[in-house]
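The structure appears right after this line, and notes come after that.
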Amino acid sequence: MRIATYNINGIKARLPRLLEWLDETRPDIACLQEIKTQDEGFPADEFEKLGYGAIWHGQKSFNGVAILAHNAQPVETQRGLPGDPEDEQSRYLEADVHGIRVASIYLPNGNPLPGPKFDYKLAWMKRLRAHAASLAALELPVALVGDYNVVPHTHDIWSPKALLDDALRQPESIAAYRTLLADGWTDALATHYPLGGVWTYWDYQAGAWQQDHGFRIDHLLLSPVAADRLVSCGVDKEHRGRETPSDHAPTWVELG
DNA sequence: ATGGCAGAATTTTTCTGA
C-alpha cells in the first residue's frame, strides 16, 4: 500500500497536474496540502471519476488540506488540530482508511521571525506533539504525513548556509521536530536515506529547480507498527519538472 | 540588501508563501 503526501499549491490551478499524477502513480492514499479553496470549490467529482473517495477541509485563499483514497471513502476522525479553539486555520485533517489512521498536515511556515507567525508555528508543533501522543495509543498503524515546513538536518538542504535565518531552519523548529520523533515516530525518508540529499521542494525563484537547489520539508512520520511495514519510499521528482508544477514534489511510502 | 516566481482575490495591487 502506498501513501503519498503532496503540497499542490492551489487545487484549481493544479488540477490537471494532480489528476495526471493520480492516474500515473495510483497511490492508495494521497494527502494534499495548500488546496487554497473553500469547501464549496473542492472538485470531488474529478477524483471520483478516477476511483478516489475524498474528504477535505478548505479555507478561502490559503491553507486547506484533503485526504484521497483509492476505491475507498476515508472515514473522518478529526478536523482541525485540537488544543486551541481559537485556531481557525485549515491545516489538519485525519481519517481511518485502508486499515490505517492517516493525517494530512500543513504545518505553519512561521516566517517572518521573530513575531506572532513564528510563535504560532511553535505552539502548533507543541499541539501536534500532544495530539500525536494520543494517536500512538491506538491499535491501528498511524501515518502523520504532510508539509512540516521544517528542514531537519543540514544534509536536507542544497546548501547548509541556505535559510539560516528562516523559520524552516531555526533551532527551535528543528528541536520541536526532533522531540516529536523522539516520542517514537519514524521519519520514513530519513531512515531510508540516512545520508540525506533528498529534496521535496524547489523554489519557483532564482532558477532553484534548474540548479537542483531544493530541500526536504515534506515528511511521512510512521508509528512503530506502521514503520515495521516500511518497504520503500521516495519522491516523484519528475513531476516537479512538468508544465505549471507545484513547487513541491509528491513524496511517498510503500507499506507491506 | 534585494530580487527573483506563483496563486488567490480583486485592488492593475496586496497578501502569502518558503
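The analysis underlying the following values was restricted to heavy atoms, covering all of them including side chains, and did not include hydrogens, waters or symmetry mates.
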Nearest-0.5 Å distance, [atom1] of residue [X] to [atom2] of residue [Y]:
{"X": "A:Ile67", "Y": "A:Glu94", "atom1": "CD1", "atom2": "CD", "value": "7.5 Å"}
{"X": "A:Leu93", "Y": "A:Ile55", "atom1": "CG", "atom2": "CD1", "value": "4.0 Å"}
{"X": "A:Leu195", "Y": "A:Tyr193", "atom1": "CG", "atom2": "OH", "value": "12.0 Å"}

Original post:
Just by distance, with hydrogens left out, do A:Asp187 and A:Tyr177 show a side-chain donor and acceptor under 3.5 Å apart?
Top reply: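 Distance-only check passes for A:Asp187 and A:Tyr177.
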Rounded to the nearest Å, what distance is computed from the [atom1] atom of residue [X] to the [atom2] atom of nucleotide [N]?
{"X": "A:Ile157", "N": "B:dA18", "atom1": "CD1", "atom2": "C1'", "result": "10 Å"}
{"X": "A:Gln89", "N": "B:dG17", "atom1": "CD", "atom2": "C1'", "result": "12 Å"}
{"X": "A:Gln38", "N": "B:dG7", "atom1": "CD", "atom2": "P", "result": "19 Å"}
{"X": "A:Asp218", "N": "B:dG17", "atom1": "CG", "atom2": "C1'", "result": "13 Å"}
{"X": "A:Glu243", "N": "B:dC5", "atom1": "CD", "atom2": "P", "result": "17 Å"}
{"X": "A:Arg91", "N": "B:dA18", "atom1": "CZ", "atom2": "P", "result": "8 Å"}
{"X": "A:Arg17", "N": "B:dA6", "atom1": "CZ", "atom2": "C1'", "result": "15 Å"}
{"X": "A:Tyr120", "N": "B:dA18", "atom1": "OH", "atom2": "P", "result": "13 Å"}

Is there a side-chain contact between [X] and the phosphate of [N], meaning an N or O under 4.0 Å from OP1 or OP2?
{"X": "A:Asn149", "N": "B:dA18", "result": "yes"}
{"X": "A:Lys121", "N": "B:dG17", "result": "no"}
{"X": "A:Lys36", "N": "B:dA9", "result": "no"}

Nearest-angstrom distance, [atom1] atom, [N] to [M]:
{"N": "B:dT12", "M": "B:dA8", "atom1": "C1'", "value": "15 Å"}
{"N": "B:dG7", "M": "B:dA18", "atom1": "P", "value": "14 Å"}
{"N": "B:dC15", "M": "B:dT10", "atom1": "P", "value": "14 Å"}
{"N": "B:dT14", "M": "B:dG4", "atom1": "P", "value": "15 Å"}

What's the closest nucleotide to the side chain of [X] if the choices are [options]?
{"X": "A:Gln205", "options": "B:dT16, B:dC5, B:dA9", "result": "B:dC5"}
{"X": "A:Tyr204", "options": "B:dA9, B:dA6, B:dA18", "result": "B:dA6"}
{"X": "A:Glu34", "options": "B:dG7, B:dG17, B:dG4", "result": "B:dG17"}

Where each residue is assigned the nucleotide of DNA chain B containing its nearest heavy atom, which of A:Tyr106 and A:Ile11 is assigned the position nearer the 5′ end?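 Whichever sits nearer the 5' end wins; that is A:Ile11.
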Toward the 5' end of DNA chain B, by each residue's nearest nucleotide, A:Gly10 or A:Asn109
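Per heavy-atom nearest nucleotide, the more 5' residue is A:Gly10.
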With heavy atoms under 4.0 Å as the rule, sort [X] into base, sugar-phosphate or nothing.
{"X": "A:Asp247", "result": "nothing"}
{"X": "A:Asp147", "result": "sugar-phosphate"}
{"X": "A:Leu163", "result": "nothing"}
{"X": "A:Asn7", "result": "sugar-phosphate"}

* Asked: Are A:Asp218 and A:Thr251 close enough, and set up right, to give a side-chain hydrogen bond (donor to acceptor under 3.5 Å, both in side chains), and what steps lead you there?
  -> CA-CA 7 Å; A:Asp218 299 278; A:Thr251 307; 5.0 Å; no
### Query
Would the A:Tyr6 and A:His239 ring centres measure less than 6.0 Å apart?
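No, the ring of A:Tyr6 stays outside the 6.0 Å limit from the ring of A:His239, centre to centre.
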